[in-house]
Amino acid sequence: MDTSRRKFMEYAAITASVVALPSSLWGSTARSKFDLPKENSADFWLELSRKAYHKNAEIISTMANQKPVLAVIKNNAYGLGDVEVAKILDTSVHIEGFALVKADRALALRKAGIKKNILLMGDFDESLGQDLVENDIVLSIFSAHALQKIKSLSNNSKKQISTALYIDTGLGRMGIPFNQAFELATAASGSLGLNIKYTFSTLTTPKDFAKEQIRIFNELIQELSREGVNVGKTHLAPSFSLIDLPSSHQDMVRPGILIHGSYPLANMDASKKWPLMPTYRLKSRVMRLEKLSAGDTIGFSRFYKVTKDEWIATLPIGWGDGYDSGAENGAKVLLNGALYSVINVNANHTNISLGANTMVKVGDIATLIGPEKPEITPEGFGKLVKRHNYLQINYKESIPKLIFDVF
């Protein structure tokens with residue numbers, strides 16, 4: 001690790017406080033004293049807003065009639081950092097806990113000091129079993145084999161193991177098939193050393209079928225309750241159903257994308273009633289600035305041809321770092337308060353057209369995704385390049401992250 005990167009990582013461990021302007025709730029688009037000083041420079045980084053995450057958790061809970069929120073932060077919280085996001089939300093009164101699908105990430109959260117409940121919705125390697133139990137990770141029973149694996153752990157543990165019944169009500173990819181669920185649930189309930197903390201399923205997007213899934217799930221819960229089986233807290237609703245199907249709310253809700261301030265589809269009516277706060281910025285520095293002449297081209301495939309003399313800025317971030325390669329098809333970048341067009345994206349670099357004259361300098365900070373302008377929000381970016389807003393937060397785990405109280 002070079003000296004500048006090491007200094008940046010030390011800086012990133014410090015939580016900064018920034019005062020936001022009321023117009024945006026995030027603050028000025030101009031460089032401020034809270035921006036990274038040049039001596040602590042990095043190629044690119046993410047800035048996460050504690051205030052925005054807490055506000056979104058509150059709004060989501062309100063949307064669900066004050067139900068608690070189990071935040072899904074799988075896939076490294078869409079590349080925003082599962083540990084960092086969990087640290088922010090661990091102090092929210094609206095958060096029940098966190099759900100992930102990888103055992104090592106569940107352990108990483110606990111080892112980072114996360115106190116709230118952690119649900120592992122996926123499988124685990126037996127070598128990690130005792131560590132998961134010791135760290136109070138809720139283990140999912142999604143098949144007869146999974147139940148036997150967890151029961152074998154209980155034979156070697158003095159601790160009661162918290163479990164979750166994962167029911168497949170029609171999604172088809174994961175969980176106990178609902179026509180086998182009663183038998184397996186009663187077996188789990190009768191197993192010494194196991195405690196059923198949650199029972200859950202995952203809903204599909206089509207509303208009519210999701211309603212049928214809810215009916216199937218509710219009937220199973222009622223049948224198990226009549227038999228004296230403690231099913232714990234129930235949850236069904238991912239982001240889409242949480243918005244669209246109040247009957248899916250159950251004892252808690254289980255959003256993913258909503259936590260980060262985006263809706264699962266663009267222009268959803270709920271976004272006007274419940275305006276969520278964007279939670280992050282993706283930033284990079286200008287590393288090269290050159291004036292190209294008419295006839296010059298950029299990129300391996302000569303994707304962009306210069307038609308008249310213009311200044312071209314290069315940012316040291318590309319699709320290999322998680323920035324969408326589709327950006328070269330119409331995306332904008334905010335630089336010194338103005339929007340400029342992205343004209344080329346390769347694995348490690350992005351080129352920006354600045355026009356015939358510019359005041360931009362090497363080292364200036366660009367915002368590629370952020371809340372300051374509609375064009376650079378995940379939704380605005382997706383609209384410009386005709387891509388889904390989910391794709392705009394698929395960043396690599398290695399991206400450095402800063403946590404701010406307010407942007």
- Message: Donor-acceptor pair, distance only, cut-off 3.5 Å: does the side chain of T279 make one with the backbone of H260?
- Response: yes

- Query: Do K396 and D321 pass the salt bridge (Lys or Arg N to Asp or Glu O under 4.0 Å) test, and can you show the C-alpha distance, the side-chain angles, and the key distance before you say yes or no?
  - Reply: CA-CA 6 Å; K396 301 300 182 182; D321 308 301; over 6 Å; no

- Could you pull out all residues at least two apart from A164 that satisfy side-chain contact (heavy atoms from CB on, under 4.5 Å)? L119, V138, S140, Y198, F200

- Message: Would you compute the distance between atom OG1 of T205 and atom CG of L245 and round it to the nearest 0.5 angstrom?
- Response: 10.5 Å

- Task: Keeping the roles fixed (side chain from R254, backbone from S201), state whether a donor-acceptor pair exists under 3.5 Å.
- Result: yes

- Verdict with supporting geometry, K149 and D123, salt bridge (Lys or Arg N to Asp or Glu O under 4.0 Å): CA-CA 10 Å; K149 185 190 288 189; D123 199 4; 2.9 Å; yes

- When you check the gap from the basic side-chain N to the acidic O, do R285 and D43 get nearer than 4.0 Å? no

- Heavy atoms from other residues, nucleotides or ligands near NZ of K102 exceed 12 (cutoff 6.0 Å): no

- Task: For N117 and G97, indicate whether the former's side chain and the latter's backbone hold a donor-acceptor pair under 3.5 Å.
- Result: no

- Query: Is there a donor-acceptor contact under 3.5 Å from the side chain of T234 to the main chain of V231?
  - Reply: no

- Hey, what do you get for CD1 (I141) to NZ (K151), rounding to the nearest 0.5 Å? 9.5 Å

- Query: Taking only residues two or more places apart in sequence, or in another chain, which ones meet E223 in a side chain to side chain donor-acceptor pair (under 3.5 Å)?
  - Reply: none

- Task: Could you tell me whether D324 and R387 have a side-chain N and a carboxylate O separated by less than 4.0 Å?
- Result: yes

- Spacing of CG belonging to L153 relative to OG1 belonging to T163, to within rounding of 0.5 Å: 11.5 Å

- Quick note, side-chain hydrogen bond (donor to acceptor under 3.5 Å, both in side chains) partners involving residues 59-77, not counting sequence neighbours, are none

- Please examine the side chains of L315 and F44, heavy atoms only from C-beta on, and report whether any two atoms are closer than 4.5 Å. no

- Item | Pairwise side-chain contact, E375 with L384, heavy-atom cut-off 4.5 Å (strictly under) | yes

- Task: Hey, could you give me each pair passing salt bridge (Lys or Arg N to Asp or Glu O under 4.0 Å) that has a residue in residues 88-101? Not counting sequence neighbours.
- Result: E96-K233

- Message: Just verifying a value: how many Å separate L292 CG and K305 NZ, rounded to the nearest 0.5 Å?
- Response: 13.5 Å

- Query: Checking S143 side chain against A146 main chain: does a donor-acceptor pair fall under 3.5 Å?
  - Reply: yes

- Taking 4.0 angstrom as the limit, do E310 and K291 come out as a salt bridge? no

- Message: Counting neighbours of CD on Q130 that are heavy atoms of other residues, nucleotides or ligands and sit closer than 6.0 Å, is the number greater than 12?
- Response: yes

Which pairs of donor and acceptor atoms, one on a side chain in residues 208-218, lie under 3.5 Å apart (sequence neighbours left out)?
unit_1: E212; atom_1: OE1; unit_2: R215; atom_2: NE; d: 3.1
unit_1: E212; atom_1: OE2; unit_2: R215; atom_2: NE; d: 3.3
unit_1: E212; atom_1: OE2; unit_2: R215; atom_2: NH2; d: 2.4
unit_1: Q213; atom_1: OE1; unit_2: T204; atom_2: N; d: 2.8
unit_1: Q213; atom_1: OE1; unit_2: T204; atom_2: OG1; d: 3.0
unit_1: Q213; atom_1: NE2; unit_2: T169; atom_2: OG1; d: 3.0
unit_1: Q213; atom_1: NE2; unit_2: T202; atom_2: O; d: 3.0
unit_1: R215; atom_1: NH1; unit_2: E219; atom_2: OE1; d: 3.2
unit_1: R215; atom_1: NH1; unit_2: E219; atom_2: OE2; d: 2.7
unit_1: N218; atom_1: OD1; unit_2: Q250; atom_2: NE2; d: 3.1
unit_1: N218; atom_1: ND2; unit_2: I214; atom_2: O; d: 3.4

- Item | Listed partners of E84 passing side-chain contact (heavy atoms from CB on, under 4.5 Å), at least two apart | L48, K401, I403

- Query: When rounded to the nearest 0.5 angstrom, what distance separates OG in S162 from CD1 in I118?
  - Reply: 11.5 Å

- Task: Could you verify whether a donor N or O on one side chain and an acceptor N or O on the other, from Y263 and S271, lie under 3.5 Å apart?
- Result: no

- Query: If we only count heavy atoms from C-beta on, is the P371 to R281 side-chain gap below 4.5 Å?
  - Reply: yes

- Item | Aromatic ring proximity, centroids under 6.0 angstrom, Y323 and F381 | yes

- Task: Please test D131 against K111 for salt bridge (Lys or Arg N to Asp or Glu O under 4.0 Å), starting from the C-alpha separation and ending with a verdict.
- Result: CA-CA 11 Å; D131 204 5; K111 290 173 182 177; 3.1 Å; yes

- Message: Keeping D82 on the side-chain end and A77 on the backbone end, is there a donor-acceptor pair under 3.5 Å?
- Response: no

- Heavy-atom check, side chain of S189 versus side chain of I196, under 4.5 Å: yes

- Task: State whether the side chain of R110 and the backbone N or O of N135 hold a donor-acceptor pair below 3.5 Å, judged by distance alone.
- Result: yes

- Message: Within the 4.5 Å heavy-atom criterion, are Y166 and M174 side-chain neighbours or not?
- Response: yes

- Looking at V360, N336, I365, which one forms a side chain to side chain contact (heavy atoms under 4.5 Å, CB included) with V286? V360

- Task: Not counting sequence neighbours, which residues clear side chain to side chain donor-acceptor pair (under 3.5 Å) with R173? List them please.
- Result: none

- Task: First locate atom CG of L100, then atom CG of L107, and finally report the distance between them rounded to the nearest 0.5 Å.
- Result: 10.0 Å

- With a 4.5 Å heavy-atom cut-off, do L282 and Y395 have their side chains touching? yes

- What residues, two or more places apart in sequence or in another chain, satisfy side chain to side chain donor-acceptor pair (under 3.5 Å) together with R288? none

- Check for a donor-acceptor pair, side chain of T377 on one end and backbone N or O of K373 on the other, with a separation under 3.5 Å. no

- Task: Can you tell me which residue pairs pass the salt bridge (Lys or Arg N to Asp or Glu O under 4.0 Å) test with a partner in residues 159-168, sequence neighbours excluded?
- Result: D136-K159

- Greater than 12 external heavy atoms within 6.0 Å of K272's NZ: yes

- Task: Indicate yes or no: at least one non-hydrogen side-chain atom of I73 is less than 4.5 angstrom from one of L109.
- Result: yes

- Message: Could you check whether atom CG of D269 has more than 12 heavy atoms from other residues, nucleotides or ligands sitting under 6.0 Å from it?
- Response: no

Result block: side-chain N/O donor-acceptor pairs under 3.5 angstrom for residues 339-346, not counting sequence neighbours:
unit_1: S341; atom_1: OG; unit_2: K332; atom_2: NZ; d: 2.8
unit_1: N344; atom_1: ND2; unit_2: N351; atom_2: OD1; d: 3.2
unit_1: N346; atom_1: OD1; unit_2: N348; atom_2: N; d: 3.0
unit_1: N346; atom_1: OD1; unit_2: H349; atom_2: N; d: 2.7

- Task: Can you sort out the partners of F98 under ring-ring contact (aromatic ring centres under 6.0 Å, His included), two or more places apart, ordered by chain and number?
- Result: none

- Any chance the side chains of H235 and T199 put a donor and an acceptor closer than 3.5 Å? no

- Task: Please check if atom CH2 in W319 has more than 12 non-hydrogen atoms from other residues, nucleotides or ligands closer than 6.0 Å.
- Result: no

- Message: Does N267, at its CG atom, have more than 12 non-hydrogen atoms belonging to other residues, nucleotides or ligands within less than 6.0 Å?
- Response: no

- Note on the structure: N329 meets the side chain to side chain donor-acceptor pair (under 3.5 Å) criterion, sequence neighbours left out, with none

- Query: Any side-chain heavy atom of D244 within less than 4.5 Å of one from K207?
  - Reply: yes

